[in-house]
Amino acid sequence: MKKMLQDLKDSSLSAIGSAASPEALESLRVKYLGKKGELTAILKQMGKLSSEERPVIGQLANEVREHLSKALDEKREQLYAKQLESRLISEKIDVTIPGIPVKVGKKHPLSTVLDEAKEIFVSMGFSIASGPEIEYAEYNFDKLNHSAGHPARDRQDTFYFSDDDRILLRTQTSPVQIRVMENRKPPIRIISPGRVYRKDEVDATHSPMFHQIEGLVVDKGITMGDLKGTLNTIIKQLYGEDTITRFRPHHFPFTEPSCEVDVQCFECKGKGCRVCKGEGFIELLGAGMVHPKVLEVCGIDSKVYSGFAFGMGLERMTMRRFNISDLRLIFENDVRFLDQF
Ligand code: DAH
């Protein structure tokens, strides 16, 4: 038995010495020292020994066990240290390599102009209202005094959702006027910015989706003078004190009288050039005194109250503000373009 123990010690020590991984080492521990291991197997035969031999062999067996345990512990530590070292090498970070610069975005020019406009209107006592982009034809047209045969209602011009032409993508922010007047008593002073949709082909000045800012003021004694004063103030704040405006008669179904407001061309100062297409002025917005029919539809007494309304194109304002010559640039979102602002 002495010989068996000695052999076990020699062979196990050499196996432990050449174990390549902590896992391999663990299976060696089970193989030699486990409950069903080789050392236990030898000890089970102790019963065959004489009473003189037994303590001697017992002590020897203990020594072998201690020896093996120690060898296993040492080897385990070695293997872990090696593993750690190779991980440290493979996961090494070179802190001297230049980093990848993080590109920080900027406010879109449309948002810049919208925020400026909002700030000016709010400083003049306006609050901000909103309405749905998917709208009833009733609000987009009927209640705004667009008669049944009005060309703007044509399927060629407008995106309808239903066959009965009852629901559509709003073509203007003007339906928000109706929603506000149906729900609030005068005095009313709101603007309502938002997206609108028309079946327009994309070109340098058209897009099937664009933005408007609607405005509405209703109170006792509101006149065309209030309309002119308010719009001149906002236009000068947006484009500079020396901006020259022109109010031109026009027709909108929901205002009477109606007008369009132009600003003198910044490029040629009114002489006529490529930018203003020879006109000397550039159209900026539509406006007018709210039609009495529209007030009445919303339950507002047109003998007591009057109001003015306006609608301006945000893209057009942005193009003027930043001298952008093509509307498409605004929506393409090419960062090389957007970086300029
Ligand atoms: N909704 C008109 C359009 O899209 C613009 C407009 C004109 C709005 C006159 C108004 C207004 O509120 O009074 O062409």
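Counting starts at 1 for both ligands and their atoms, following the listed order.
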Does Asp142 come within less than 4.0 Å of Arg153, counting only side-chain N to carboxylate O? yes

Which pairs of N or O atoms, one from ligand 1 and one from the protein, are separated by less than 3.5 Å, and what is the distance for each pair?
{"residue": "ligand 1", "atom": "1 (N)", "partner": "Gln172", "partner atom": "OE1", "Å": "2.7"}
{"residue": "ligand 1", "atom": "1 (N)", "partner": "Ser174", "partner atom": "OG", "Å": "3.0"}
{"residue": "ligand 1", "atom": "4 (O)", "partner": "Arg198", "partner atom": "NH2", "Å": "2.8"}
{"residue": "ligand 1", "atom": "4 (O)", "partner": "Gln212", "partner atom": "NE2", "Å": "2.9"}
{"residue": "ligand 1", "atom": "12 (O)", "partner": "Gln177", "partner atom": "NE2", "Å": "2.9"}
{"residue": "ligand 1", "atom": "12 (O)", "partner": "Glu214", "partner atom": "OE2", "Å": "2.6"}
{"residue": "ligand 1", "atom": "12 (O)", "partner": "Phe310", "partner atom": "N", "Å": "3.3"}
{"residue": "ligand 1", "atom": "12 (O)", "partner": "Phe310", "partner atom": "O", "Å": "3.3"}
{"residue": "ligand 1", "atom": "13 (O)", "partner": "Ala309", "partner atom": "O", "Å": "3.1"}

List the steps, then state whether side chain to side chain contact (heavy atoms under 4.5 Å, CB included) holds for Arg320 with Ile282. CA-CA 9 Å; Arg320 282 256 41 86; Ile282 294 164; 3.1 Å; yes

So, are Arg246 and Glu260 salt-bridged, with charged N and O less than 4.0 Å apart? no

Among all residues two or more places apart in sequence or in another chain, which pass the ring pair (Phe, Tyr, Trp, His ring centres under 6.0 Å) test with Phe310? Phe121

Not counting sequence neighbours, which residues clear salt bridge (Lys or Arg N to Asp or Glu O under 4.0 Å) with Lys143? List them please. Glu138, Glu182

By ring pair (Phe, Tyr, Trp, His ring centres under 6.0 Å), Phe141 pairs with (sequence neighbours left out) His146

